[in-house]
Amino acid sequence: MHFQAAEDFILNALRRGLSPTLYYHGLHHTLDVMEVAMELATVEGIDDAESLALLRMAALYHDAGFLHAYQGHEAQGCELARTTLPDFEYSHGQIDQICALIMATKYPQEPQSALAEILCDADLDYLGRPDFEPISTSLFHELTARQLIANERAWFELQANFLTHHRYWTATAIARRAAPKQVRLDHIRRLLANWPDPDEPTQGPA
């Protein structure tokens with residue numbers, strides 16, 4: 001594997017080709033997921049060099065499908081990996097493993113290996129992080145730009161549903177992120193419970 005050349009290739013492709021309105025799914029997200037994945041792998045005891053290299057490449061390619069499509073980007077990312085990684089002497093077996101990791105991040109997540117669990121947790125690490133609010137706001141703007149969310153209330157309802165059904169997989173992510181994520185979910189549920197009813201008349205001055 002010519003890992004560094006492959007990494008340079010995909011990073012340059014993302015830097016040049018991703019839409020500027022991918023406020024959430026931009027290059028910054030890919031780099032964040034890669035860094036978190038490698039840290040989780042270390043804490044989770046993954047020390048096999050090839051496994052770590054494949055995990056890192058899967059992180060770099062996991063949202064590369066956004067170069068070509070918004071919906072179904074995981075499959076598009078796999079297709080891009082199958083098309084480009086042979087040029088860097090990745091074997092068919094190694095590319096199959098990378099694609100399995102990429103597809104595990106498709107929601108609802110269904111990781112089938114320790115590496116897939118790590119990548120899934122890295123992809124949604126922010127759900128339990130202190131920077132949840134600015135990152136989630138960037139996703140709101142991204143969906144709004146594509147007319148995929150109707151209004152702010154619909155956004156909070158989407159968030160509440162997503163956080164309710166999401167789970168972390170690795171022991172490390174559960175210990176670090178599950179409790180803060182629950183706090184965020186409770187906060188959003190309170191916001192929705194107290195959301196003004198648009199049909200309720202506003203009380204005017206006496």
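Side chains are part of it too, since the values below use all heavy atoms of this structure and drop only hydrogens, waters and symmetry mates.
Counting heavy atoms from C-beta outward, Pro108 and His165 have side chains that stay 4.5 Å or more apart. Counting heavy atoms from C-beta outward, Asp96 and Arg82 have side chains that approach closer than 4.5 Å. By the 4.5 Å heavy-atom criterion applied to side chains, Arg177 and Leu127 are not counted as neighbours. By the 4.5 Å heavy-atom criterion applied to side chains, Leu55 and Ile46 are not counted as neighbours. Counting only heavy atoms from C-beta outward, the side chains of Leu11 and Leu31 approach each other to under 4.5 Å. Between Leu52 and Met38 the shortest side-chain heavy-atom distance falls below 4.5 Å. Looking at Tyr70 and His25, their side chains come closer than 4.5 Å, going by heavy atoms from C-beta outward. Proximity of Leu158 to Leu143: side-chain heavy atoms (C-beta onward) are separated by under 4.5 Å at one or more points.
In this structure, Phe162 has its ring center under 6.0 Å from that of Tyr107. Checked against the 6.0 Å centroid threshold, Tyr168 and His166 count as a close aromatic pair. Between His62 and His29, the distance separating the two ring centers is shorter than 6.0 angstrom.
In this structure, the separation between CD1 on Ile102 and OG1 on Thr105 is 7.5 Å, given to the nearest 0.5 Å. In this structure, the separation between CG on Leu54 and OH on Tyr90 is 7.0 Å, given to the nearest 0.5 Å.
Taking the charged nitrogens against the carboxylate oxygens, Arg15 and Asp8 have no contact shorter than 4.0 Å, which rules out a salt bridge. Using a cutoff of 4.0 Å between basic side-chain nitrogens and carboxylate oxygens, Asp125 and Arg176 are not scored as salt-bridged. Looking at Arg153 and Glu157, a side-chain N of the basic residue comes within less than 4.0 Å of a carboxylate O on the acidic one, giving a salt bridge.
Taking the six-membered ring for Trp and thresholds of 30 and 60 degrees, Phe140 and Trp155 have ring planes inclined between 30 and 60 degrees apart.
Residue Gln4 places its CD atom among more than 12 non-hydrogen atoms of other residues, nucleotides or ligands, all under 6.0 Å distant. Within a 6.0 Å sphere centred on CD of Gln182, heavy atoms belonging to other residues, nucleotides or ligands number more than 12.
Both Leu22 and Met34 belong to a common hydrophobic cluster when Ile, Leu, Val, Met, Phe, Trp and Tyr are linked at side-chain heavy-atom distances under 4.5 angstrom. In the hydrophobic clustering of this structure, Ile135 groups with Leu191; members are Ile, Leu, Val, Met, Phe, Trp, Tyr whose side-chain heavy atoms approach within less than 4.5 Å, directly or through other members. Taking hydrophobic clusters as Ile, Leu, Val, Met, Phe, Trp and Tyr residues chained together by side-chain heavy-atom distances below 4.5 Å, Phe66 shares a cluster with Leu14.
Between Glu50 and Gln94, the side chains place a donor N or O and an acceptor N or O closer than 3.5 Å (distance only, hydrogens not considered). Glu44 and Thr172 share a side-chain donor-acceptor pair at under 3.5 Å.
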List the steps and the verdict of side chain to side chain donor-acceptor pair (under 3.5 Å) for Ser19 and Thr21. CA-CA 5 Å; Ser19 167; Thr21 60; 2.8 Å; yes
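When every heavy atom of Ser113 is checked against every heavy atom of Leu101, the shortest pair comes out as OG-CD2, 4.1 Å.
Between the Asp121 side chain and the Ala173 main chain, no donor and acceptor come within less than 3.5 Å of each other. At least one donor-acceptor pair closer than 3.5 Å links the side chain of Glu142 to the backbone N or O of Tyr24. Between the Arg129 side chain and the Lys181 main chain, no donor and acceptor come within less than 3.5 Å of each other.
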